[in-house]
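Structure first, commentary second.
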Number of protein chains: 2
Amino acid sequence: MRLLPHPATEDIQLTEVLRALADPVRLEIVGRLSTCGEMTCGDAGDQLGVHKSTASHHYRTLREAGVIVSKQEGRVVYISLRRHDLDARFPGLLDSILAASPMTAGAPVPL
Amino acid sequence: MRLLPHPATEDIQLTEVLRALADPVRLEIVGRLSTCGEMTCGDAGDQLGVHKSTASHHYRTLREAGVIVSKQEGRVVYISLRRHDLDARFPGLLDSILAASPMTAGAPVPL
DNA sequence: CCTATAGTTGGATCGTTGTCAAACAATCGG
DNA sequence: CCGATTGTTTGACAACGATCCAACTATAGG
């Protein structure tokens, strides 16, 4: 198992996070992760409507902004929200964005 | 007094708001507005470090995203945060962003 | 009317970004 | 070892965006 490089919690920048989430495709990825928890890149990108290389680019953007973390296991890469880190760095930010997102509005917030 | 065109509250899009705030200059503008309330474009852009036309472009971006509103009175244009509208549309979003912003962190949230 | 003031608009430039396609890399199953 | 699976990387391209400068508009003051 290999963790792909991502910024430390204290190095996560607000503008980077906002920029990462200011894209419909990436917002949908984050929305799915918020309800489904950890999932593979393939599952996350299945109904995204973009080429798999485009999706890969978005995963990288989200990872480098500190929004998600990628764990490589064998052939597959599992991605998940850095919910705890984001909440520690920017309290309430992720929750309010998820609540505002059409995708996840109404869905219960996981503990 | 003339109100410059801006989207209705229900037409404010999350991705547009996030994109508008995902810029250091615009985030600083919003930070100042949050603490100073209504102010002129000149005052808002005084120590921004960008050309006045650049600042004007940012005001337009923020306005079209639904983040601020511009009132023209004579020669000067007053800009202010659409705090109430944003809170109605995306509860908690603006507050969490302002709280996360280095500029306004620690500053009290106005009523 | 003339000039200074307050911003906006248009053009030019330059870097960034979203997208796809193709090539590549790494792994797993026979 | 071979082929299928899973993603990543690279290249190309078009669109966007941030910036500055210059020109413009509109108002206020003398």
Side-chain angles (χ1 to χ4, degrees), chain A residues 1-6 13-30 32-33 36 38-80, chain B residues 1-6 13-30 32-33 36 38-80:
Chain A
M1 203 268 290
R2 189 166 67 94
L3 225 62
L4 272 62
H6 59 283
Q13 299 300 315
L14 177 61
T15 52
E16 295 299 301
V17 172
L18 295 178
R19 195 181 53 80
L21 297 178
D23 179 279
V25 174
R26 288 194 290 264
L27 197 57
E28 183 165 343
I29 294 171
V30 169
R32 291 192 188 185
L33 287 177
C36 303
E38 192 175 68
M39 55 198 310
T40 69
C41 290
D43 290 343
D46 256 353
Q47 288 163 314
L48 233 45
V50 295
H51 197 274
K52 64 172 181 171
S53 63
T54 302
S56 180
H57 154 68
H58 286 310
Y59 301 144
R60 172 196 270 259
T61 301
L62 286 168
R63 178 165 45 81
E64 291 180 345
V67 178
I68 68 173
V69 64
S70 307
K71 279 184 283 185
Q72 188 161 18
E73 274 182 47
R75 273 180 304 183
V76 306
V77 175
Y78 291 94
I79 55 179
S80 54
Chain B
M1 203 270 290
R2 190 166 66 94
L3 225 62
L4 272 61
H6 59 282
Q13 298 301 314
L14 176 61
T15 52
E16 296 300 302
V17 172
L18 295 178
R19 194 181 53 81
L21 297 179
D23 178 279
V25 174
R26 287 193 292 263
L27 196 57
E28 184 166 342
I29 293 171
V30 169
R32 291 191 189 187
L33 287 177
C36 303
E38 191 174 67
M39 55 199 308
T40 69
C41 291
D43 290 343
D46 256 352
Q47 288 162 316
L48 233 46
V50 295
H51 197 274
K52 66 172 182 174
S53 64
T54 303
S56 180
H57 154 68
H58 287 310
Y59 301 143
R60 172 195 269 260
T61 301
L62 287 168
R63 178 166 44 83
E64 289 180 346
V67 178
I68 69 173
V69 63
S70 307
K71 280 184 281 185
Q72 188 163 17
E73 274 182 47
R75 275 179 304 183
V76 305
V77 174
Y78 291 94
I79 55 179
S80 53

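Order of the sequence lines fixes the chain letters, A, B, ..., with proteins taken first and strands second; residue numbering starts at 1 for each chain.
- Shown here are the salt bridge (Lys or Arg N to Asp or Glu O under 4.0 Å) partners of B:Lys71, two or more places apart in sequence or in another chain: B:Glu38.
- Under the rule for a salt bridge (Lys or Arg N to Asp or Glu O under 4.0 Å), B:Arg75 has no partner lying at least two apart in sequence or in another chain.
- Residues passing the salt bridge (Lys or Arg N to Asp or Glu O under 4.0 Å) test with A:Arg63, sequence neighbours excluded: none.
- For DNA chain C, the span of nucleotides reached by chain B at under 4.0 Å from its heavy atoms goes, 5' to 3', from C:dA4 to C:dT9.
- Residue pairs meeting the salt bridge (Lys or Arg N to Asp or Glu O under 4.0 Å) criterion with at least one partner in residues 13-25 of chain B, sequence neighbours excluded, are B:Glu16-B:Arg19.
- Across the interface with DNA chain C, nearest-nucleotide mapping of A:Arg19 and A:Val50 shows A:Arg19 to be the residue nearer the 5′ end.
- Within 4.0 Å of B:Arg2, counting heavy atoms only, lies no atom of the nucleic acid at all.
- The side chain to side chain donor-acceptor pair (under 3.5 Å) check on A:Gln13 picks up nothing, with sequence neighbours excluded.
- Using a 4.5 Å cut-off on side-chain heavy atoms (C-beta onward), A:Thr54 and A:His58 make contact.
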Donor-acceptor contacts, no H, no angles, side chain residues 44-51 of chain A, under 3.5 Å, sequence neighbours left out:
residue: A:His51; atom: ND1; partner: A:Ser53; partner atom: N; Å: 3.1
residue: A:His51; atom: ND1; partner: A:Ser53; partner atom: OG; Å: 3.0

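- For B:Asp43, the side chain to side chain donor-acceptor pair (under 3.5 Å) partners are B:Thr40, not counting sequence neighbours.
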Kindly give the atom pairs (protein nitrogen or oxygen, nucleotide nitrogen or oxygen) under 3.5 Å for nucleotides 7-14 of chain D.
residue: D:dG7; atom: OP2; partner: A:Gly42; partner atom: N; Å: 2.9
residue: D:dG7; atom: N7; partner: A:Lys52; partner atom: NZ; Å: 2.7
residue: D:dG7; atom: O6; partner: A:Lys52; partner atom: NZ; Å: 2.9
residue: D:dT8; atom: OP2; partner: A:Ser56; partner atom: OG; Å: 2.6
residue: D:dT8; atom: O5'; partner: A:Ser56; partner atom: OG; Å: 3.3
residue: D:dT9; atom: OP2; partner: A:Arg60; partner atom: NH2; Å: 3.2

